[in-house]
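Side chains included, hydrogens not; waters and symmetry mates left out as well; all remaining heavy atoms used. Numbers restart at 1 for each chain; the letters A, B, ... are given by sequence-line order, proteins then strands.
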Number of protein chains: 4
Amino acid sequence: MVSDKFFAIVAGVGPGTGRSVALRFSESYPVVLLARRPESYNDIVTQINSAGGRAIGITTDATDEASITSAFETIKKEFGKLQLIAAIYNVRPDSRPSLKPFLELNLQDLDTSLNGNVRGLFNFAQSVLPPLLKSVDSSPRAPTLIVTGATASIRGSKLWSVIAAGKSAGRVLTQSLAREFGPAGVHVAHAIIDGVIDVPDAEHAARNDATPDGKIAPYAIAESYWNLHTQHKSAFTHEIDLRPFNEHF
Amino acid sequence: MVSDKFFAIVAGVGPGTGRSVALRFSESYPVVLLARRPESYNDIVTQINSAGGRAIGITTDATDEASITSAFETIKKEFGKLQLIAAIYNVRPDSRPSLKPFLELNLQDLDTSLNGNVRGLFNFAQSVLPPLLKSVDSSPRAPTLIVTGATASIRGSKLWSVIAAGKSAGRVLTQSLAREFGPAGVHVAHAIIDGVIDVPDAEHAARNDATPDGKIAPYAIAESYWNLHTQHKSAFTHEIDLRPFNEHF
Amino acid sequence: MVSDKFFAIVAGVGPGTGRSVALRFSESYPVVLLARRPESYNDIVTQINSAGGRAIGITTDATDEASITSAFETIKKEFGKLQLIAAIYNVRPDSRPSLKPFLELNLQDLDTSLNGNVRGLFNFAQSVLPPLLKSVDSSPRAPTLIVTGATASIRGSKLWSVIAAGKSAGRVLTQSLAREFGPAGVHVAHAIIDGVIDVPDAEHAARNDATPDGKIAPYAIAESYWNLHTQHKSAFTHEIDLRPFNEHF
Amino acid sequence: MVSDKFFAIVAGVGPGTGRSVALRFSESYPVVLLARRPESYNDIVTQINSAGGRAIGITTDATDEASITSAFETIKKEFGKLQLIAAIYNVRPDSRPSLKPFLELNLQDLDTSLNGNVRGLFNFAQSVLPPLLKSVDSSPRAPTLIVTGATASIRGSKLWSVIAAGKSAGRVLTQSLAREFGPAGVHVAHAIIDGVIDVPDAEHAARNDATPDGKIAPYAIAESYWNLHTQHKSAFTHEIDLRPFNEHF
């Protein structure tokens, strides 16, 4: 049964990680799904509500302050009596167009990475941290902010220049937030996803299936996020890596 | 109900992490407890067996090849029909005597650290990896080797010279094993425990209690180890950090 | 005697590191000094030219593509017959205003950090890498791009959120450039300055003076940058840290 | 002209790095060369003395406390009026025999790595740090301890388990020494050599030759060590990486 006191919010819902995280957290909490396009969240909102959960989707561009502000006004109207207990930032700008030699890139490629990986996270964190702080005393679990990163968060590989710039900035921003808000009782964590995510995750039920080709099952990421959220406050993990068993690292 | 097919082994059982890890894994598996002195595991073996689980303790010095070999012969006799599914290396040589200025240390202080943190781990890993590999195909969960580390595993702080030498060696050895045995289906993980562990953990039941003084609850470490063990093979975590919400890092 | 074939360029010239780096490199090369305000480079340009060196200053905002483009047109006019052999990016946005609790920051604080630490570096690197590549075959020394970083480049400390975001992005961008352009013969290096820089460095001559209070002498940074520039191509250093002997780290 | 007040010591002299470091430092100081076999240092001692420098070789096994003690007694006799200003630990146990699957290794392979990379360094550091501390006040340059590391110092690659264990322990031990002895005025640095070293370096004179095949020129390492030694005390570098321009990293 889902909570009637707390809700969760997932920014960046597509066919992969965001969708599975929303499903996983919807087992315990009403969830708000943010995505730039309704088609990114419509099906999953329907699926959660049909299954007895509670979900709403809000078309939001996290990189736009006004859009984020408007989203949180909608949330207040819809979920006004609930408290925020978990917020996941999973916005990931498409990195493929900028995966090329540095001298073929332009400033717009850099800005795409910085907007999605850093500025959007900044806006989101500014919006969710005050309500997460308010939930500290009334929640048996530590209110949690989880940010999805990638290998590029810790490594500037050849050709990944602007993607790695954005990802590493998002990681270190998250680290600073962990140091500031951890002592206040909010668990801030960062996940380094190292590998290809297996999308679409049409079934989600197949939790114990092997993944012979070594792609990361999105529900496995979701399970680890849930485990981060439910950690005891005396043993917070700030950073995990997640990769297929056969991934080279 | 505990498994009648698989068992787990915990090396380094004392009043803190090792004990809680043994308890946690005993909920699902028969467990073998290794410690240098019987008084380190006697009570917990009794507790597990009384509660309907199955446990044996073996007096073992992991830093001594012959002692480790003898322990695994005993295991074969006692648990011969079971397969190894999880092995936790939690041996931690007492670091307090060597926490002093470098020029006041002697080679014995270094050897104490290297023996417990590296040589013992080497012996243990050599003993558990072959049976873990054998369990890959028959187990729904990935066979798992978890090694307990500390902040000194990644940082050579002032006065921590020989402790950090041993801890960092143990960490990097574990990392190499993850890269070698992950593709074969064995999950090798390392945990950086950053903070003071709250021992004795007399109750273990108090899972949701706050820890006002910021010491790490051993059962919280055990829970995170269990979560590592049950990760899907498409999303292994190699390294986690664990620290109290209010720990400076 | 300064080279009549190669020149160097320093972006971000103020009373500290940039000034000393310009002076050090002016011993061997004509130098171009870029700063947002003429008063930042006027004195040092005069000093270099009076001492028998050759220097020009160009008022430039590296974060503005058009301003950078215009600067390089001026350089072409003034130094057209010379080839670029060393480029140092030392632009450092003032971090003090944003050194505060995360919820007191606004998006403008983040942008100030991203503009100076990442977007300006991106523009600068796009402008200097093509001429540096052209110098590979004709130069006895490897053409060099050095980027000035800080402790925040590798650590998101409490209250340093947006500064660390920008610095870490600049570092990882630089790392990616090293991996792309090293094999082409361009030495790309990053320096982590860990400590307070002793400015003004009025004398510059006092190379062997002790620094009793533990502030970093800018000329010592300049000397290390020069040593990076003159490394043999079989032994490039990509990253150095620089801190006073008594700095806590 | 070599100093008549200070001397340097290099432990681990063979045909590569140790030899070039000894040559480089012999331009300024009398040097003591330590190696397990006289044939490792005889030629280079002769070469230095013939060229007007001053060198002695002492057959020493750094991993043996008694052997190190005996070496320093010989040094006292020979160089008793000189003060120690630089000590380089370049002992590198042969790693090739242990570069194999973990389950094919035995404890002796681990001990070979720990002995050379950690215990020898421990003994050496205990012997050189007291005289280096004594030189702090009387030397214009900071007394220096430099330790040679490798990529395995920061990464446990597949098959490199025991080598990486020893190397990482040596690195973190060095880091702890830097934090303890830096504030006392001794510069402790660690070098990560990432690549194949070009030995024999028969000429040593060919400082500006290109290295078309991408092997590290030992004299280039020596030059960087010299630059570390001569850093101003307000700007110590604790760690550098050194790799050929075309090395993948």
Within the 3.5 Å criterion, strictly below it, is a donor on A:Tyr225 or A:Thr144 matched to an acceptor on the partner's side chain?
no
What is the minimum heavy-atom distance between A:Phe6 and A:Ser138, and which atoms define it?
CZ-O, 3.6 Å
A:His187 versus chain B, the contacting section by heavy-atom distance below 4.5 Å
neither
Tell me whether the count of non-hydrogen atoms from other residues, nucleotides or ligands lying under 6.0 Å of CG in B:Asp43 goes above 12.
no
Does the structure place the NZ or CZ of B:Arg243 under 6.0 Å from the centre of the six-membered ring of A:Phe236, at an angle of no more than 45° from the ring's axis?
no
A:Ser139-A:Arg141 side chain donor-acceptor pair, cut-off 3.5 Å
no
Checking heavy atoms, do the side chain of A:Thr237, its backbone, both or neither come under 4.5 Å from chain B?
both
Using a heavy-atom distance cut-off of less than 4.5 Å, which residues of residues 173-185 of chain B contact chain A?
B:Ala178, B:Arg179, B:Gly182, B:Pro183, B:Gly185
Are A:Tyr29 and A:Phe7, when compared by the centres of their aromatic rings, separated by less than 6.0 Å?
no
Does CG in B:Asp4 sit with more than 12 non-hydrogen atoms of other residues, nucleotides or ligands closer than 6.0 Å?
no
Flag the one option from A:Val188, A:Asp194, A:Asn227, A:Ile221 with the top tally of heavy-atom pairs under 4.5 Å to chain B.
A:Asn227
